[in-house]
Peer 1: 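Next up is a structure, given as structure tokens.
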Amino acid sequence: MLFLTYLINGISLGSVYAIIALGYTMVYGIAKMLNFAHGDVIMIGAYIIFFMIYKFNLPILLSIIISILICLLLGIIIERLAYKPLRKASSLSVLITAIGVSYLLQNLAQLFWTSSNKIFPNIISNGSFSFGSISISYLTIITILVCLLIMLVLTLFVNKTKIGMAMRAVSEDKDAARLMGINVDRTISITFAIGSGLAAIASALFCAAYPAVYPTLGSMPGIKAFTAAVFGGIGSIPGALVGGIMLGIIETLSKAYISTQLSDAIVFAILIIVLLIKPTGLLGRKVNEKV
Amino acid sequence: MLKVENLSVAYGAIEAVKNISFEINDHEIVALIGANGAGKTTTLHAVSGIVPIKSGSIFFDDLEISKIASEKIVSRGLVQVPEGRRIFHNSTVEENLILGAYLRKDKDGIAKDMEYVYSLFPRLLERKKQLGGTLSGGEQQMLAMARALMSKPKIMLLDEPSMGLSPLLVKEIFDIIKDINSKGVTILLVEQNAKMALGIANRAYVIETGKIVMSGTGEQLLNSEDIKKAYLGG
């Protein structure tokens, strides 16, 4: 029954990847850019939770909410200052800028908070549920539930609300959306805000599992989640969920049964194979370029 | 209602529209006809505020709109049905219509207009829950017009509504344009199909390589020898 435990842990890790992947996928869908600074927003989110709890002695939930709000604002500011001026520039310029923003955030964190590890507080109690011979920690269960809840709310938001419809319209045809009176810039801002707010939630869940906070904390989960987004089909919200969870399961099972050192290599090898067979990712749609 | 004065629009070094002026009075149907690449679409995009103008001014209800944001122009009652329909393929027919009313807050008015456009285009009602991308070309044109009507416009700019449609459908669409006009919506119609456009227009302007070269009533232009030669096939 060890396999089942690994599987559930994999789904839980994958849930964190999925939440982060949403940020990549939504921003890509609407602004057609890869926001490589997204992973570093996770890092900022983790520091904020850390300081709120240890420096200001705030309750855990309130600290997380403050972290969400600050990251949300950070996402809007990054988009406004770094990406908006490049709306008409080549995608390569935007990509390089995103990498620049990523390093900027990492270096600022190093400057203000040093590069030494800070121990993330224990935000979810250590207990676990036992089902027969399987035992699953509260954290694992909570992570999976939070991910499902986010997916549900986000799907409803995108499909049922007017802003959600506008987001889909902007992602499909910006000029047509403008002609309907949709404020494209504001819609892009909202998308960045949502993605960055979700990054803060992911930082809480990720650091609860791996409780160390340091300036490059966001790089690895960021890259993995980006991989998950591509794996599931970038631009697709269900794709982020499927891609994230698949990635989490593959990573956990490879660690358990093959090799801890090789697990990342296996993850990326599988990504390459999937993309060779289906270049748009598992749930990706082929976009017909208009001529 | 709409007055364009000495408008020039350039894409980089290329001037697509050169110093054109025209005006549209309340309740008129005015056609802008010309060949492919003459600058018709660029003119409409400049009016709608989605391409920046180089010089000149655009007055809508006596208010200069060439510097204001496109969504503000829509909320003032100027809407465009773009060339190639540009409906949202991954949204349902109903969602497309809701997006058309994006800036409106009057729920009752929106519901009423939804009924009105469904009565105007009964086929859209049958396809309410279908994705826009699954509609035929004619249905997409209807959806694009219905979507624009949902903004409750005073003036509607139509860019090549006949493009790619069968003659029968073109007639149907033009009848509906006349009907919309008779309900009080002013129409600016851009067309390559000069014969159809001149047939329903009160007045028309002929545009060639970015300049207006002729204007007159629809009938005058239909009977003009130059127009016959250039646009009506002899």
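Model, not experiment: these values are computed from the prediction. Letters go in sequence order (proteins before strands), and every chain restarts at 1.
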Peer 1: Under 4.5 Å, counting heavy-atom pairs only, tell me which of A/S171, A/A177, A/G181 racks up the most with chain B.
Peer 2: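 Option with the top pair count is A/G181.
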Peer 1: Walk me through whether A/S12 and A/S15 qualify under side chain to side chain donor-acceptor pair (under 3.5 Å).
Peer 2: CA-CA 5 Å; A/S12 170; A/S15 298; 5.6 Å; no
Peer 1: Side chains of B/K72 and B/S70 only: does a donor on one sit below 3.5 Å from an acceptor on the other?
Peer 2: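 No pair is found: no donor N or O on one side chain lies under 3.5 Å from an acceptor on the other.
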Peer 1: Apply side chain to side chain donor-acceptor pair (under 3.5 Å) to B/E191 and B/S162, showing your working.
Peer 2: CA-CA 8 Å; B/E191 262 297 344; B/S162 75; 3.0 Å; yes
Peer 1: Is it the backbone or the side chain of B/I87 that comes under 4.5 Å from a heavy atom of chain A, or both, or neither?
Peer 2: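 Backbone only.
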Peer 1: Under a plain distance cut-off of 3.5 Å, with no hydrogens placed, do B/E64 and B/S66 share a side-chain donor-acceptor pair?
Peer 2: yes
Peer 1: B/Y11 and B/T42: side chain to side chain donor-acceptor pair (under 3.5 Å), yes or no, with the steps?
Peer 2: CA-CA 10 Å; B/Y11 298 110; B/T42 303; 3.2 Å; yes
Peer 1: Is it the side chain or the backbone of B/A101 that comes within 4.5 Å of chain A heavy atoms, both, or neither?
Peer 2: backbone
Peer 1: Does the side chain of A/K224 reach to within under 4.5 Å of the side chain of A/E251, using non-hydrogen atoms?
Peer 2: yes
Peer 1: Sort B/R76 into side chain, backbone, both or neither according to what part of it lies under 4.5 angstrom from a heavy atom of chain A.
Peer 2: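 Neither part, no heavy atoms under 4.5 Å.
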Peer 1: Is it the backbone or the side chain of B/S91 that comes under 4.5 Å from a heavy atom of chain A, or both, or neither?
Peer 2: both
Peer 1: For chain A, which candidate among B/L157, B/I98, B/N90, B/L78 shows the most heavy-atom pairs at distances under 4.5 Å?
Peer 2: B/N90
Peer 1: With a 4.5 angstrom heavy-atom cut-off, could you sort out which part of A/R168 is near chain B: side chain, backbone, both or neither?
Peer 2: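 The side chain, not the backbone.
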